[in-house]
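Below is one structure, written out as C-alpha cells; comments come after it.
Just so you know, these numbers come straight off a predicted model, no measurement behind them. Order of the sequence lines fixes the chain letters, A, B, ..., with proteins taken first and strands second; residue numbering starts at 1 for each chain.
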Number of protein chains: 2
Amino acid sequence: MSTIKDIAKDAGVSIATVSIVLNGKGKERKISQDTQTRIYQIAKNLNYVPNQSAKKLRSMQEDSYAVAFYWATDFRINYLARITLGLQEEMLRQKKHIHLTVVPYKVDQLKEQMALTQNTFFNGIIIANMSDKDLEFLDTLTPSFPIVLFNREMDTFSSVTMDNYEVGKQVAHHFLSKNLFDAAVLTHDTTFPIMRKWMKGFLDTYAEAGHPLQEDKIILCNTSSASAIDVCKKLYAEKRLPKAMFCESDVLAHGMLFACHELGVSIPRDLEVFTVGINMPELNDYAVPSLSRIDIPMGAIGAQCMRLLIDLIEKKITHPTTIYLEGKKIIAQSSPEK
Amino acid sequence: MSTIKDIAKDAGVSIATVSIVLNGKGKERKISQDTQTRIYQIAKNLNYVPNQSAKKLRSMQEDSYAVAFYWATDFRINYLARITLGLQEEMLRQKKHIHLTVVPYKVDQLKEQMALTQNTFFNGIIIANMSDKDLEFLDTLTPSFPIVLFNREMDTFSSVTMDNYEVGKQVAHHFLSKNLFDAAVLTHDTTFPIMRKWMKGFLDTYAEAGHPLQEDKIILCNTSSASAIDVCKKLYAEKRLPKAMFCESDVLAHGMLFACHELGVSIPRDLEVFTVGINMPELNDYAVPSLSRIDIPMGAIGAQCMRLLIDLIEKKITHPTTIYLEGKKIIAQSSPEK
DNA sequence: CTGTTAGCGCCTTCAC
DNA sequence: GTGAAGGCGCTAACAG
C-alpha cells in the first residue's frame, strides 16, 4: 500500500505538493502542470489509494460515529429497504455524522462474519435476524462496544422488539371471533426464536378458548414461496386444507395465494389467510386477494435501534435496555372482519 | 467531543494509562483497581466516544476501502436487497475489506444529499436510479474519487447498464408474434432516462412492423401500484383497455393484476401483461397470475459496479468504461408463448 | 510555485 | 503501576 510519501519521493517533490495535487487543488495553488501530471502518473503507477482514516483524523469532523448493521441474507432479504430507511431517518433526526456500514451475514454464521469484519473499528453495531445459534454465540461475547438487537430479546444486550406472543394471540382471536376452529399454522422448522413465540401465542389462545389444535395443524415448509405452494398442494390432495391459515411471513402467504388460485380454492370463502407482514405494505395490499396481517413496523424498529445505539455509544444509557413496539393489524380481503 | 487526553487530565494520569484501561488491558498491565474505576467513571461522565479513524490509522491494518452506494428511495425501494447482495458478492470475491455505506436519496435531490454526506471520505461511490436532473447535476462535478453509475449511461463516468432499447423491442416482438396489435404502454411521466428507452424500443418496433401506436396508447400514471389500479379502472370504464399492456415496472404490473381481478378482466385472456422485472423474481413468479417479464439482473449489475469501482479506485482502469449486461426474458401466465 | 512543520487521537515500546 | 515519546497518513498554515 503506497502513501503520498512514496509518491513524493518518486516525484522528487514534498508530500505537501502531492497532497495538494491529489485533492484537485493544483490549479488553485498554482502547481506547475508538469508537476501535476507527473504526480498523477506516479499515483497511478503505484496504485495509490488514499487512506480515509488518516484523512478523517486530520480533518477533525465533529463526532462522526462508525456503526455497523448486521443483516441476515435469507428470505427476509426484501425488507432490508424498510429497515435501512428507518435507520436513516433516525440518523437524519440526530444530525450526527454516522457512517453506517451494512454487513450481510448468513443465518447461523454470525460468528464467522464477525471474525471476518473488523469490528473493533465500529463504535457500535446493530444485529438483525439472529437465529438461536447466533444468539448463543453472542452470549459468549463481552464486546467493548455497544450492541443492539433488532427484534430479539436477551438479558445481556439492549434490543428493540415486539411482543411477539401477542401477535399470535391477536390472529387467533380474529379467527376465533369468526368461529374458524379448523385452523392451522404454516411455519418453517428453524431456530428462529421469534417465530416460535408467534406460534405459541396462537396455539395457546386456541387452547384457552377450548379449541386446542392438534400437532398435525402445525404445517412445516421452508422459507420460500415455492415451498408454501408445494405444501398447500399436498394438503389439498390429502384433503387436509384447514378453514383458516396463519402464515409466519408474507413470503409464505404469497405462495398460499398462488397455490389456491391454481387449485381453484377460493380465498377467503374456502380458506382464510392471515399473515405476519414483513415486506412493504404495498406488496400485501395489492396481492390477489389482499392479505390480512399484523404488519411489523420494520422502519420504526430500525429507527429505535439507531437511537438506542447512539445513546449507548454516548453512554447516556449504560444498562441493557429493551424497547417494545407494536405491530399494526391490517384487515384485508384474505380474512375480512366478521 | 472528549478524547483520552481529557480523561487523563481529569483522572490525573497519563494518556497511556487511559488507553490501556479503556482497551480492557488494565488487569494484564496491572493498573490499580482504583485507577481503573476512576477512568471508567470519567469516561462515562465525559461521554467519551473513541475516535475510530485514529484507532484505524494507528493500528496499521491495511486500510479498508470506504464505498458509498447512493440509492433513490422511490418505488424501486424494494430492490435495494437484490443490489446489495450483488455488491456483497463481489466484495467477498475480492477478499478486500470494504465498508459499504448505503446512502438513500430522494429522486431529483442527489445534489442535496451529496452536499449533506461527507463524500470526501469515500474512496469511491456507486449511484443508482438517477433522474435526468440528477444526471445533469453529476455532469457539473469533477470529483476526485471514482463514480460508477448503476443502469445509466454517460460519457464522462463509468457505468454498468443494459441495452434498454432492446428490452422494449423484445417485448414488442413478443406481442406482435401473437398478433396483439391493440397494445399500450403503462409508464410514469418522469425524467427517467431508462424508461424512455424501453418505451421507445417498444413503440419503434410496433411502428416498423406497420402497426404504429397512437398517442393515446401511452398511458400515464405515477410510480405506485395504487396509481396503476386507478388508471386501469378508468380505462376499463372508458372501454379503452387494450389487449396487451407493457408495464414499465412490476410495481405497476401488480396494480394492473389487482385491478383486473376486481374488474373481472381475465389475464391473459382479455388482456396480456408484460413487464420489466425489478423486484425479486419470486414476487413475480408467484403473482396471480405470474408475470411475463424482462428481468433486470440487479444483482449482477451491482456486482459489476463494485468490481468496476474497485478497479477504478486502484487505478487499474483510468478511463470511463461502460459495461453492458443482458436482461432475462421470462415467459409466465400473464402473457404466455404463442 | 513548492517545502517545512505541526499536529489530528490513539497505541505501543521502553523507561523508571 | 505509570509516564514519556514516537509515529500511523494526511492536511493546512506559514515560509520562502
Side-chain angles (χ1 to χ4, degrees), chain A residues 1-39 42-43 46-66 97 99 118 120-123 144-145, chain B residues 1-39 42-43 46-66 118 120-123 144-145:
Chain A
M1 214 180 68
S2 54
T3 70
I4 51 170
K5 216 180 196 169
D6 302 323
I7 299 175
K9 207 163 61 182
D10 265 33
V13 296
S14 79
I15 54 167
T17 308
V18 177
S19 173
I20 290 165
V21 171
L22 292 184
N23 282 309
K25 294 180 187 161
K27 215 159 209 164
E28 177 185 326
R29 296 288 302 270
K30 306 201 176 169
I31 307 288
S32 71
Q33 195 52 52
D34 199 55
T35 310
Q36 292 205 46
T37 44
R38 204 164 30 150
I39 287 174
I42 292 170
L46 296 179
N47 292 331
Y48 169 73
V49 179
N51 182 321
Q52 301 299 336
S53 304
K55 261 188 149 161
K56 264 195 187 160
L57 178 58
R58 179 57 237 243
S59 55
M60 264 307 284
Q61 293 279 345
E62 82 287 10
D63 49 357
S64 117
Y65 305 153
H97 281 287
H99 194 96
Q118 307 174 331
T120 38
F121 298 123
F122 291 116
N123 292 105
S144 52
F145 48 82
Chain B
M1 213 180 72
S2 54
T3 70
I4 51 171
K5 216 180 197 169
D6 302 322
I7 299 175
K9 206 163 63 185
D10 266 34
V13 296
S14 79
I15 55 168
T17 310
V18 176
S19 172
I20 289 165
V21 170
L22 291 184
N23 283 308
K25 295 183 187 160
K27 214 160 210 165
E28 181 184 324
R29 296 288 300 268
K30 305 202 175 167
I31 308 288
S32 70
Q33 193 54 51
D34 200 54
T35 310
Q36 292 205 44
T37 44
R38 207 172 42 197
I39 287 174
I42 293 170
L46 295 179
N47 292 330
Y48 170 72
V49 179
N51 182 319
Q52 301 301 334
S53 304
K55 262 190 152 160
K56 257 194 188 166
L57 179 57
R58 178 54 236 248
S59 77
M60 275 299 290
Q61 293 257 6
E62 179 142 335
D63 190 50
S64 48
Y65 303 159
Q118 304 173 329
T120 40
F121 297 125
F122 291 116
N123 293 102
S144 52
F145 48 81

Separation of C:dG9 atom C1' from A:K56 atom NZ, nearest Å, is 14 Å

Check against side-chain contact (heavy atoms from CB on, under 4.5 Å), A:I7 and A:L22
CA-CA 11 Å; A:I7 299 175; A:L22 292 184; 4.0 Å; yes

From A:K30 NZ over to A:I20 CD1, what is the distance, rounded to the nearest 0.5 angstrom?
13.5 Å

Set of residues satisfying side-chain contact (heavy atoms from CB on, under 4.5 Å) with respect to A:N23, sequence neighbours excluded
A:S19, A:K55

Hey, what do you get for CD1 (A:I4) to CG (A:N51), rounding to the nearest 0.5 Å?
10.0 Å

Does A:N23 make a side-chain N or O approach to OP1 or OP2 of D:dT11 shorter than 4.0 Å?
yes

From the options C:dC10, D:dT11, D:dG9, select the nucleotide whose nearest atom is closest to the side chain of A:T3.
D:dG9

How long is the gap from NZ on B:K56 to OG1 on A:T120, to the nearest 0.5 Å?
9.0 Å

Strictly by side-chain hydrogen bond (donor to acceptor under 3.5 Å, both in side chains), give each pair with a member in residues 2-15 of chain A just once, sequence neighbours left out.
A:S14-A:T17

Contacts of type side-chain hydrogen bond (donor to acceptor under 3.5 Å, both in side chains), residue B:S144, not counting sequence neighbours:
none

Using whole Å, what does the distance between atom P of nucleotide C:dG9 and atom CG of A:N123 come to?
14 Å

N or O in side chain of B:S53 less than 4.0 angstrom from C:dC8 OP1/OP2:
no

List the residues meeting side-chain contact (heavy atoms from CB on, under 4.5 Å) with A:E28, not counting sequence neighbours, and say none if there are none.
A:K25

Would you mind telling me which residue lines up with the more 5' stretch of DNA chain D, A:S2 or B:R38, judged by nearest nucleotide?
B:R38

Write down the distance between CD1 (B:I4) and C1' (C:dG9), rounded to a whole number of angstrom.
6 Å

Expressed as a whole number of angstroms, how long is the span from B:L57:CG to C:dC10:P?
12 Å

Length of the CZ-C1' vector between A:R58 and D:dG9, whole Å:
11 Å

Do the side chain of B:N123 and the main chain of B:F145 share a donor and acceptor less than 3.5 angstrom apart?
no

Any residue of residues 25-33 of chain A with a heavy atom less than 4.0 Å from an atom of DNA chain D
A:K25, A:R29

Integer-rounded Å distance: D:dG3 P and B:K5 NZ:
15 Å

Return the residues of residues 7-20 of chain B meeting this criterion: a heavy atom under 4.0 Å from some atom of DNA chain D. Order them by number, or give none.
B:G12, B:V13, B:S14, B:A16, B:T17

Would you kindly give the NZ-to-C1' distance between A:K55 and C:dG9, to the nearest whole Å?
19 Å

Nearest whole angstrom, please: distance from the C1' of D:dC10 to the CD of A:Q52.
11 Å

